[in-house]
Amino acid sequence: MSNITPLITNLNALAGGLFIVSTFGIVATRQIKASLKFFILQSIFLVISAVLLGLKPFSLDLMAVGAINLITKVFLLPWLLKRMVKKEIYTKREITQVLNIPTSLIIALILTIAAYFFSLPWVETQNISSVVHINVPVGLAGLFLGAYTLTVRREAVPQLLGLLAMENGAFFAGVAIAPDLPLISELALAFDILILTFVIGILTRSVHEQIGTTSIGNLSKLKEEA
Amino acid sequence: MILIWLISLSLMTSLLSVIPIKSASWGAKITLLGSFLTLLLAILTASNILDSSTHTLIAIPNWIALNAMGSVILLLISFIYFTASIFSIGYMNFKDKKEEQKYFLNFNLFAFSMLILPLIQEPNTVWIAVELTTLFSVLLVGFQNTHAAIEAAWKYIVLTIMGAAIALLGFLILYWAARQAGIEHYTWQGLQDIAPQMSPVLLRASFIFIFVGFGAKIGLVPLHTWLPDAHSQAPSPVCAMLSGIETTAILYIILRLLPIITASNSIDVNDWLMIFGLISVGVASFLILQVKDYKRLFAFSTVEQMGIILVAFGLGGHDANLAATTQIIAHAVTKSFCFYAAGGVLMYAGTRDIASVKNLIQRSPLVGITFLFGGLSIAGAPPFALFLSEFSILKAGLEKGEYLIIGLLVTFIAIAFFAIMYHVSSMVFGDDGTKNKSSFSLPLSSKITFAIASLPIILLGIYIPQNLQNLIELAAKTIGG
């Protein structure tokens with residue numbers, strides 16, 4: 001860890017900053033297509049960070065993480081979504097959201113600051129390496145913002161993006177704190193996400209067939225009050 | 001070696017069940033055979049554990065091994081897998097061959113993903129296995145393809161995967177802490193050995209993330225909202241697996257963290273368990289009062305029981321751990337029986353509405369008696385298994401001087417008891433103005449399931465065999481105390 005050059009550290013910090021910005025983009029957009037684009041951007045910055053941290057000392061594991069994320073999240077996932085729920089993505093429909101956009105942004109800001117202070121004691125266990133100081137708070141913020149998106153959005157595809165944003169956040173922290181995690185786990189993790197998407201995609205389609213829209217807001221039959 | 005057999009057996013069963021053979025109900029037959037052999041192997045494994053000097057079996061060092069607690073979980077999984085396979089035969093009505101194949105493939109894969117949970121020693125791989133349980137069970141929850149079933153499946157997948165993402169960060173932090181401490185083999189055992197050297201701050205963070213994340217899958221309040229939906233909409237044999245054993249199998253992952261956390265003294269983990277446990281018991285006991293669907297009734301009772309188990313482990317010490325382990329066993333066997341009984345009522349009445357089902361005892365005595373038996377035993381009435389274990393939890397708590405905790409626990413258990421019995425008795429004895437027996441009769445497979453599944457509930461309420469008692473003692477020791 002100690003022989004990471006300042007250039008790499010700075011570039012990684014830039015990737016971290018842009019990762020947060022694109023996460024805010026996911027929170028702030030009203031259209032599914034734009035939300036998806038911001039998610040792809042977020043994934044690209046995750047890939048960049050993984051590759052940067054894997055350069056020196058060279059780590060095949062991190063390169064693999066980057067490659068897997070690039071393939072699944074930047075290419076495969078958008079392709080799958082376009083195939084399965086094309087109409088949902090390309091109609092210029094606004095996403096139903098419980099809270100409006102300005103309020104969401106303020107909450108997102110608070111969550112980001114909270115993530116920084118939460119992770120402060122953790123990163124202080126690592127004295128020299130500054131990549132942890134960037135990646136862990138940013139990753140935690142990604143996790144929180146993903147969870148927030150998931151909670152306020154009421155439709156299938158945006159909820160799915162929220163879930164995957166959470167997963168991206170966890171990995172953004174992961175590439176810094178567990179760079180030598182055995183590859184087999186990484187492969188399987190990404191593999192998981194792929195199947196997951198498949199399952200959710202199928203589910204989205206069946207939701208679609210059943211009630212004519214992928215809006216989850218309509219799914220409120222099962223509750224306690226009769 | 002036997003562990004490898006165990007893993008490959010359920011995987012092979014899954015593969016065999018999709019072979020398109022003309023013979024009627026091929027999938028059901030092969031599943032039945034596979035689950036029966038799995039149960040036999042699990043019993044054999046348990047006896048090997050008792051005989052071995054270290055009380056652990058190691059198949060592949062640092063990857064696949066089993067300790068006493070894992071063996072208890074394995075026994076429960078395979079027992080419920082077996083009974084659920086029998087119950088599936090008469091209960092499931094498949095439209096065509098393809099649907100049948102799909103059901104049994106997912107059913108067996110779901111069982112497989114649970115069976116490997118206690119066996120895997122590398123924590124990150126355990127996380128993957130937990131994801132697999134979600135993946136295979138979600139298709140079963142949405143199996144009936146109705147609006148309600150799909151809604152339940154969607155809620156299930158969103159909440160549990162959200163939990164999984166949170167837990168993932170927890171596992172990554174755990175690895176971070178272990179790496180800082182210079183761990184040699186990243187396994188549960190390795191973590192336990194190195195725990196005193198690990199950073200308490202990181203260990204605390206990782207425990208909280210994993211606890212909250214997997215808490216969603218266990219059904220702890222406030223992340224329980226998917227549970228009554230999923231556990232009521234899935235076909236009854238699947239409910240038995242979900243409610244009876246899946247929750248417990250995930251709980252076991254959290255239990256594995258306990259000795260590690262305790263050894264490092266980083267967080268007062270017992271308080272966390274007791275507080276979250278009590279909240280779950282309390283909320284669930286009041287929610288049971290107002291249910292209108294009898295499968296949701298049993299689902300909420302799962303939330304309640306998980307809370308009781310957490311409180312029991314939170315009490316700490318040998319007696320409480322022993323009682324909690326017994327409670328795990330008693331709950332798993334009882335809850336699976338309850339869902340079979342509920343399945344019986346559903347086959348008879350065709351509705352899940354409590355108010356529309358009345359006078360079961362006269363209309364269809366067998367359905368009525370099994371449902372009453374299920375209700376009484378899950379509510380914790382003597383002389384059934386849960387009564388004995390709940391009683392020993394209360395006793396252990398009082399001996400430790402935790403009067404407030406036990407006082408609250410008793411109150412909530414009592415509320416849940418009356419709530420469950422109120423609903424069950426209205427269904428079994430409520431007057432519907434008729435006295436005639438209906439012509440409905442249960443399929444033979446259901447009757448056999450009732451007979452097999454009720455055995456441990458009655459037996460364990462009166463007498464715990466010495467071998468099992470030894471296994472429970474060993475299992476409790478692995479948690480600490």
Side-chain angles (χ1 to χ4, degrees), chain A residues 118-119 121-122 124-126 132 136 139-140 143 146-147 150-151 156 159-160 162-171 173-182 184-186 188-189 191-193 195-196 198-200 202-204 206-207 209-211 216 218-226, chain B residues 122 124-125 127-128 131-132 134-136 138-139 142 145-155 157-159 161-162 164-180 186 199-202 204-206 209 225 228-230 232-233 287 290-293 296 300 353 355:
Chain A
F118 265 135
S119 56
W122 314 345
E124 275 166 0
T125 60
Q126 198 100 11
V132 166
V136 173
L140 190 62
L143 189 83
L150 185 61
T151 325
Q159 281 197 343
L160 171 66
L163 272 182
L164 286 165
M166 285 180 80
E167 208 122 29
N168 271 354
F171 269 111
V175 290
I177 62 179
D180 48 357
L181 196 70
I184 181 162
S185 312
E186 307 278 5
L189 292 175
F191 182 59
D192 249 1
I193 295 167
I195 310 180
L196 226 73
F198 217 83
V199 171
I200 297 183
I202 293 168
L203 204 59
T204 315
S206 22
V207 170
E209 278 165 7
Q210 287 285 329
I211 40 186
I216 293 298
N218 297 344
L219 299 181
S220 50
K221 252 173 124 181
L222 297 173
K223 55 185 175 194
E224 284 327 300
E225 298 79 27
Chain B
E122 208 261 349
N124 289 310
T125 323
W127 182 86
I128 297 170
E131 284 287 82
L132 288 181
T134 308
L135 207 62
F136 297 129
V138 76
L139 293 170
N145 221 21
T146 58
H147 181 149
I150 286 171
E151 180 184 336
W154 179 260
K155 281 183 182 167
I157 203 161
V158 167
L159 258 166
I161 292 180
M162 179 176 159
I166 296 171
L168 173 66
L169 188 60
F171 276 106
L172 290 170
I173 295 174
L174 188 66
Y175 183 76
W176 187 17
R179 205 167 55 100
Q180 279 183 4
Y186 188 56
S199 151
V201 177
L202 291 183
R204 180 166 62 219
S206 97
F209 275 84
T225 50
D229 297 344
S232 64
Q233 291 303 321
L287 284 171
Q290 47 87 59
V291 285
K292 299 196 163 52
D293 172 333
R296 290 177 84 89
F300 277 121
D353 186 23

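Proteins get letters first, then strands, A, B, ... in listed order; numbering begins at 1 in each. Because the structure is a prediction, the values reported are computed rather than measured.
The most heavy-atom pairs under 4.5 Å with chain A, out of B:A178, B:A165, B:S199, come from B:A165. With respect to chain B, the highest number of heavy-atom pairs below 4.5 Å among A:L140, A:V136, A:L143 belongs to A:L143.
Here the closest heavy-atom approach between residue A:I177 and residue B:R179 is recorded as O-NH2, 3.1 Å. A pairwise comparison of heavy atoms in A:A178 and B:L172 identifies CB-CD2, 4.1 Å as the closest pair. Residue B:L169 comes nearest to A:A173 through the heavy atom pair CD1-CB, 3.8 Å, listed as atom of the first residue, atom of the second, then distance.
Note that CG of B:L168 and CE of A:M166 are 10.0 Å apart. Values are rounded to the nearest 0.5 Å. Atoms CG and CG, on A:L150 and B:L159 in that order, are 7.5 Å from each other to the nearest 0.5 Å.
For a residue to count as touching a neighbouring chain, one of its non-hydrogen atoms must lie under 4.5 Å from one of that chain's; by this rule B:F209 touches chain A with the side chain only.
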